[in-house]
Trainee: 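Here's a structure for you.
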Number of protein chains: 2
Amino acid sequence: MTQTTAAPNQITVTTESASAQQAAADAGGNAKGKRRGAKPVVAKQLGGAIRQRNEERILRAAAEVFASAGYKGTSVQAIADKVELPKANILYYFKSKAGLYTAVLNDILEMWNQGFDERAIEREPADVIREYILAKMRYSRTRPQESKIFATEIIHGAPVIRDAIDLPMVGWTKQKASVIQAWVAQGKMRAIEPLYLLFLIWGTTQFYADFDSEIAMIKGRALSDEEFSKAEDFVVETVLRGLALI
Amino acid sequence: MTQTTAAPNQITVTTESASAQQAAADAGGNAKGKRRGAKPVVAKQLGGAIRQRNEERILRAAAEVFASAGYKGTSVQAIADKVELPKANILYYFKSKAGLYTAVLNDILEMWNQGFDERAIEREPADVIREYILAKMRYSRTRPQESKIFATEIIHGAPVIRDAIDLPMVGWTKQKASVIQAWVAQGKMRAIEPLYLLFLIWGTTQFYADFDSEIAMIKGRALSDEEFSKAEDFVVETVLRGLALI
DNA sequence: ATAAAACACGACCAAGTGGTCAGGTTTTTG
DNA sequence: CAAAAACCTGACCACTTGGTCGTGTTTTAT
């Protein structure tokens, strides 16, 4: 919900203000309003108090179910059961299952672009990269559901968010890559292809969220906070050494 | 298909010989045979020539569809269309969609346990780890479908393969971890928690398979062979440096 | 207070699904 | 060259699913 740092020079607009709002709009029910002369004027802020509360609850429940069962594996009824509302009611707020899924994904995308901060390029690579890895690791830890939904979506070729994410994603990535490239040019780190570094970080951090069940299998239980913290340290140290920054 | 190295002290049996065969058995149709006195004696090697050929084609098509649409998102009809056989026919060979999926997964699991070779512990960590990373990277490159099916399955909590994979997986991992542990004890590499190293390798290599569509988005096209080879080098070098092995 | 909007929801339906089955044709076996 | 096994498949069915609708209730605005 809250817009984090955000690259200033990005087309984030497409994803944030624009598409988030728009998603809320076409996800929001009450299609009937349109039938006759659209009486309710334009839109008095879209959504009464009740609506807002319920949409939030539904979204939360939906994320849970989508994460654990996948899009196709999720039935609207299952979500309804979880929020304890009749199915018809949730279809009243989100006019289709697809609309609900899109809304969930938009919420996720808002959080996805945790970038290097604006002054990254002037700072020490080691510091920026450390912070970036930690941010990603923490996201995996605190939002495994969202991470899973995102991963599943991408694995299946991003059928739903393709258009919403395509351009912005390219932008975010290019920006990060160019910062890294600059560091290399300045001789601040060993010569590497920035993209592959990003992939290594994304892959590793994503693993902790997406494969938590595998980790639990292996360890016999989930990672404790201390263990996770150790894992964070390991990733940071290994990457920094790997880049010859330590 | 070919059993690679394999940890000698593992219950791999459960997954390989046993469950692969067994899956073929209960996946294989002809349940009717059982109705009357089970005439066809015991089993003359299970499967005529036609059967073998068709099962293979179906399996291949199924893997494709499962990978791109997920288990729930896959309809038997879709697989049928792809192999150009009537739906009933594919249900004749694999008595249920679940059976087919299990069969596909078993094929995958057979290839999954690419381990350190038997003499790993006596070899140089750098060599073993390099080979391991390259093996995983190549698997991601040549078998992205299988990788995706596996990932999706794990993300959703491994509902299907849980039992088949649980113990073996723990075994494989423990074995690899103990080798790394030994290296650390011998002072051959810096002190790390072996598990976190494995996670980093798994996550990174998996990323190249599972997120190929994202990579394509970013680059505007898929990675070329040369680029992929550069990526391999980057991962190897970064990890080895990260472990202070270079 | 009262009208209008927003909210709630049981009942229902069309479409798609996995799976069965009966009766056919082809292949293998003796 | 039969008989038996293996293979093939259109038709069918039970069931789940997303989505609609009509109607009733609550909230909000005036």
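Protein chains get the first letters and strands the later ones, always in sequence-line order, with residue 1 at the start of each.
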Trainee: In whole angstrom, give the distance that lies between atom CG of A:N54 and atom C1' of C:dC7.
Mentor: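 Interatomic distance, CG of A:N54 to C1' of C:dC7: 9 Å.
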Trainee: Which whole-number value in Å describes the distance from A:E84 CD to C:dC9 C1'?
Mentor: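 Nearest whole value for this atom pair: 15 Å.
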Trainee: Separation of A:R53 atom CZ from D:dT27 atom P, in whole Å?
Mentor: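 Distance, rounded to whole Å: 12 Å.
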Trainee: To the nearest angstrom, how far is A:I79 atom CD1 from D:dG18 atom P?
Mentor: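 Nearest whole value for this atom pair: 8 Å.
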Trainee: Let me test you: for the helix from C:dA1-D:dT30 to C:dG30-D:dC1, what is the angle between the axes at its two ends (five pairs each), rounded to 10 degrees?
Mentor: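 The helix from C:dA1-D:dT30 to C:dG30-D:dC1 shows an end-to-end axis angle of 20°.
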Trainee: Starting at atom OH of B:Y93, determine the distance to atom P of D:dT9, rounded to an integer number of angstrom.
Mentor: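 To the nearest whole Å, that distance equals 9 Å.
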Trainee: Whole angstrom is fine here: how far is it from NZ in B:K95 over to P in C:dT20?
Mentor: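 In whole Å, C:dT20 P lies 9 Å from B:K95 NZ.
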Trainee: Using salt bridge (charged side-chain N to carboxylate O under 4.0 Å, His left out) as the criterion, list what pairs up with A:R138, not counting sequence neighbours.
Mentor: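 A:R138 satisfies salt bridge (charged side-chain N to carboxylate O under 4.0 Å, His left out) with A:E232 only.
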Trainee: I want to verify a distance call: between D:dC7, D:dT9, D:dT20, whose nearest atom is closest to the B:R51 side chain?
Mentor: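 Of the options given, the side chain of B:R51 lies nearest D:dC7.
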Trainee: Which residues pass the ring-ring contact (aromatic ring centres under 6.0 Å, His included) test with A:Y101, not counting sequence neighbours?
Mentor: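 A:Y101 satisfies ring-ring contact (aromatic ring centres under 6.0 Å, His included) with A:F66, A:Y71 only.
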Trainee: Tell me which residues in residues 56-67 of chain B lie within less than 4.0 Å of DNA chain C, going by non-hydrogen atoms.
Mentor: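 DNA chain C contact set from residues 56-67 of chain B: none.
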Trainee: I'd like a table of donor-acceptor pairs (distance under 3.5 Å, sequence neighbours excluded) in which one partner is a side-chain atom from residues 202-209 of chain B, with atom names and distances.
Mentor:
| from | atom 1 | to | atom 2 | distance (Å) |
| --- | --- | --- | --- | --- |
| B:W202 | NE1 | B:Y132 | OH | 2.8 |
| B:T204 | OG1 | A:T204 | OG1 | 3.2 |
| B:T204 | OG1 | B:L200 | O | 2.8 |
| B:T205 | OG1 | B:I201 | O | 2.8 |
| B:T205 | OG1 | B:W202 | O | 3.2 |
| B:Q206 | NE2 | B:S147 | O | 3.2 |
| B:Q206 | NE2 | B:S147 | OG | 3.2 |
| B:Q206 | NE2 | B:D210 | OD2 | 3.2 |

Trainee: Enumerate the residue pairs fulfilling salt bridge (charged side-chain N to carboxylate O under 4.0 Å, His left out) with a member in residues 146-160 of chain A, sequence neighbours excluded, ordered by first and then second residue.
Mentor: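 Qualifying pairs, neighbours excluded: A:R143-A:E146, A:K148-A:D212.
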Trainee: Using the side chain to side chain donor-acceptor pair (under 3.5 Å) criterion, which residues pair with B:K176? Sequence neighbours excluded.
Mentor: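 So B:K176 forms a side chain to side chain donor-acceptor pair (under 3.5 Å) with B:N113.
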Trainee: Can you name the nearest heavy-atom pair linking B:F228 to B:L223, along with the distance?
Mentor: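 Scanning both residues completely, I find the closest heavy atoms to be CD1-CD2, 4.2 Å.
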Trainee: List the protein contact pattern of nucleotides 11-17 of chain D with one symbol per nucleotide (5' to 3'): B for base contact, S for sugar-phosphate-only contact, - for none; contact means a heavy-atom distance under 4.0 Å.
Mentor: -------
Trainee: Check side-chain contact (heavy atoms from CB on, under 4.5 Å) between A:S75 and all other residues, then give those that pass, not counting sequence neighbours.
Mentor: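 A:S75 satisfies side-chain contact (heavy atoms from CB on, under 4.5 Å) with A:Q77, A:A78 once adjacent residues are dropped.
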Trainee: Among all residues two or more places apart in sequence or in another chain, which pass the side-chain contact (heavy atoms from CB on, under 4.5 Å) test with B:R53?
Mentor: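 With neighbours one apart ignored, the set is B:R57.
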Trainee: What is the distance, to the nearest angstrom, from the OH atom on B:Y92 to the C1' atom on C:dG24?
Mentor: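 My rounded result for the distance is 13 Å.
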Trainee: Choosing from C:dC9, C:dG19, D:dC8, which nucleotide comes nearest the side chain of A:P86?
Mentor: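 Taking heavy atoms from C-beta onward, the closest nucleotide is C:dC9.
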Trainee: With sequence neighbours excluded, what pairs up with A:A69 under the side-chain contact (heavy atoms from CB on, under 4.5 Å) test?
Mentor: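 A:A69 satisfies side-chain contact (heavy atoms from CB on, under 4.5 Å) with A:T74 once adjacent residues are dropped.
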Trainee: Looking at A:E227, is its backbone amide N or carbonyl O close enough to the side chain of B:Y196 to form a donor-acceptor pair, meaning the two atoms are under 3.5 Å apart?
Mentor: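 Between the backbone of A:E227 and the side chain of B:Y196 there is a qualifying donor-acceptor contact (under 3.5 Å).
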Trainee: Which residue pairs satisfy the salt bridge (charged side-chain N to carboxylate O under 4.0 Å, His left out) criterion with at least one member in residues 66-91 of chain A, sequence neighbours excluded?
Mentor: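 Qualifying pairs, neighbours excluded: A:E64-A:K82.
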Trainee: Tell me the interatomic distance from A:I90, atom CD1, to C:dC9, atom C1', rounded to whole angstroms.
Mentor: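 My rounded result for the distance is 13 Å.
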